[in-house]
There are 2 protein chains.
Amino acid sequence: MTSIRPRPATITDIARQAGVSTATVSYVLNDAPAGARIPEETRARVRAIADELGYVPHANARSLRTGSRDLVLYVHFDVVHGPLATGFLYGFTRALRDLGYTLMQYGAERHRGVKAARSWAALRPAAVIAGDDRLTPAGVALLLKAGIRVFGMGSDPAAAKGTGLSTLIMDHRAIGLAAGRDLLERGYRDLAVVVPVDPPLRVMGEGRLEGVREAAAEVGASVRVHEMEYSPGSAAGIVAAWGEEGLPEGVFGYNDEFAGLLLGALLDAGVDVPGRVGLMGADDVMLCRMLRPTLSSVRVESESPEEIARRVVASITEGTEVHLSPWSPVPVRRQT
Amino acid sequence: MTSIRPRPATITDIARQAGVSTATVSYVLNDAPAGARIPEETRARVRAIADELGYVPHANARSLRTGSRDLVLYVHFDVVHGPLATGFLYGFTRALRDLGYTLMQYGAERHRGVKAARSWAALRPAAVIAGDDRLTPAGVALLLKAGIRVFGMGSDPAAAKGTGLSTLIMDHRAIGLAAGRDLLERGYRDLAVVVPVDPPLRVMGEGRLEGVREAAAEVGASVRVHEMEYSPGSAAGIVAAWGEEGLPEGVFGYNDEFAGLLLGALLDAGVDVPGRVGLMGADDVMLCRMLRPTLSSVRVESESPEEIARRVVASITEGTEVHLSPWSPVPVRRQT
DNA sequence: TTGTACGCGTTATCAG
DNA sequence: CTGATAACGCGTACAA
């Protein structure tokens, strides 16, 4: 007597036990109008058996039959999500669920381009949201051809326009612009900007840098650029370099974490912050209020996840291309 | 002339265009032994058409037919994942993929117990990994009955033993024990511990507290407990209370973030850290090295994600209950 | 209420 | 040797 591994109950199991057809079971469990005149006694019996068997409909089989797609695939960047992104993702997930879609996060994808696209397409999602580092024109084309909407996170909306690729971006240039303007308003004319070397972050860093440069150009200020790794040693190296070439007046540290590392290195070097050097981060995470002096930052306010979800769903159902930029930057001045 | 929404190509489309049966297409595309003797010419034609059509097999249809389950559902806690958890999750995802399974993250689940279990069961995963705040005995039973393995994150292994529920836990008691012992080694006998009020964090906080208490009991030290929210105000409140009742000698701040908030509040109050008060966080994230003075912490080293993945898969294929605790704590002493 | 075709792909069986 | 037929997995929905 070998114990068999449990198997999920099927509609057929229920039909057999209840002595009715599978059609009847389906009608009863779905409260379908076509089965409206099935006697209450039968209905009760079917329901009782379904319950007893722990029956749960097979989502795959159902969607295979109905042809419905309710999956939205979210393919991560390979980086740690900050509280901002996490918070948005939660709201977005919930909002999508309310609209009848299921968002699944698909992490640690090792492929890109057509290979990645094929693995996503196999799941027949209604849409895929992926970092632009995973997308290639051929991959996007494959998905679109299969009726799967594609959202590039970070892709350039101008370049995407007309290709069918939708975009969902954080406007990094705008963040840099806000930070740069805030530093310039304080009278600084000699600015330094940090750009992460880590590839997925680098693109964003360059966008932010561009914004600072734009702000600087408005008043004829200068901008120095430094590559930085996410490590105390790299921060110390930059501060040491400033010791040689002269300290900048204002520093934009890419984000709060990089800025936090820089702040530590500046304090270690005995630099007066903000007396000698003004410092800004971005994202406005709680970290800003842990550091002393407290860190100035650029808060990124997001449009309601519900609204974004609605527009994503509209794009899915209408098969149209949309370009969403749910974030807007606001400087927050603190002690640095 | 209405443009029809693109539809994914099916095996039937290919068969029609190639003038062969769907069986032939299937054999060719899968390099099945049964189709080994299909002439190269036909094979090439089928492959070319599949390629041209952008054909990708329908994963659902395939698994429906073969009965295979390769999905592992990971249901988040509703909190921001730190770098530690994120890093583990990435490695774990990759390792599972190498073993033929796909890990999907399912966030912002609004249900718990049987309701949640039903929504997971509908996806027919091979296993579900969920926070114990989402699991109830009835829910677990439903899943097990359907042949779906269940891993409770944070569930008590002792309580689970024999019920079929597997566990995957971080040993919070051990973290508190390590922190407590480190503080006591420095000679502190008047300890304070912070416990977050936020429900999902509270459980972990209580586990860590228990560990500190255990350490304190070994040498007869005292332990004060303070509830804390994740806000600068709450930290300031606690420090103010210490002003009234007297400062503790050593503080365990639950984790680095809560400790960082406390550090800021202590410095604001003019308290000498670590001269007057020693402070420890936990998790050892980069934040520790941004703060000045740099924060002592408890690093949590995880067993290799590959090894954990192997054991999870073994549990799935053999249908056995396992209890994994892939983390071990190591104190890291810095300036605080 | 039931029989059954269908959605998509796999595979054992059978025929030219 | 080459390849088609058909049953099947699970649930839905139309015709009877």
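First the proteins, then the strands, lettered A, B, ... as listed; each starts at 1.
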Please work out if Val25(A) contacts a base, only the sugar-phosphate, or nothing of the nucleic acid, heavy-atom cut-off 4.0 Å.
nothing
Tell me what Ser63(B) touches on the nucleic acid: a base, only sugar-phosphate, or nothing, going by heavy atoms under 4.0 Å.
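Nothing, no heavy atom under 4.0 Å.
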Which residues share a ring-ring contact (aromatic ring centres under 6.0 Å, His included) with Tyr27(A), sequence neighbours left out:
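With neighbours one apart ignored, the set is empty.
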With sequence neighbours left out, write down each residue that passes ring-ring contact (aromatic ring centres under 6.0 Å, His included) with Phe92(A), or none if nothing qualifies.
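So Phe92(A) forms a ring-ring contact (aromatic ring centres under 6.0 Å, His included) with Phe88(A).
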Separation of [N] [atom2] from [X] [atom1] (nearest whole Å):
X	N	atom1	atom2	value
Arg43(B)	dT2(D)	CZ	C1'	12 Å
Asp13(A)	dG9(D)	CG	P	11 Å
Arg16(A)	dT2(C)	CZ	C1'	16 Å
Leu53(A)	dC10(D)	CG	P	13 Å

Qualifying side chain to side chain donor-acceptor pair (under 3.5 Å) pairs with a residue from residues 152-168 of chain A, counting only residues at least two apart or across chains
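Qualifying pairs: Thr167(A)-His323(A).
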With the side chain counted from C-beta on, respond yes when Thr10(A) and Ile14(A) share a heavy-atom pair under 4.5 Å apart, and no when they do not.
no
Salt bridge (Lys or Arg N to Asp or Glu O under 4.0 Å) partners for Asp13(B), two or more places apart:
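Testing Asp13(B) for salt bridge (Lys or Arg N to Asp or Glu O under 4.0 Å), a comparison that skips the adjacent residues, returns Arg7(B), Arg16(B).
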Applying side chain to side chain contact (heavy atoms under 4.5 Å, CB included), can you list everything that pairs with Val28(B), at least two apart in sequence or on another chain?
Thr24(B), Ile38(B), Arg43(B), Val46(B), Arg47(B)
Nucleotide-resolved protein contact map, nucleotides 8-16 of chain C, B/S/- at heavy-atom distance under 4.0 Å:
BBBBB----
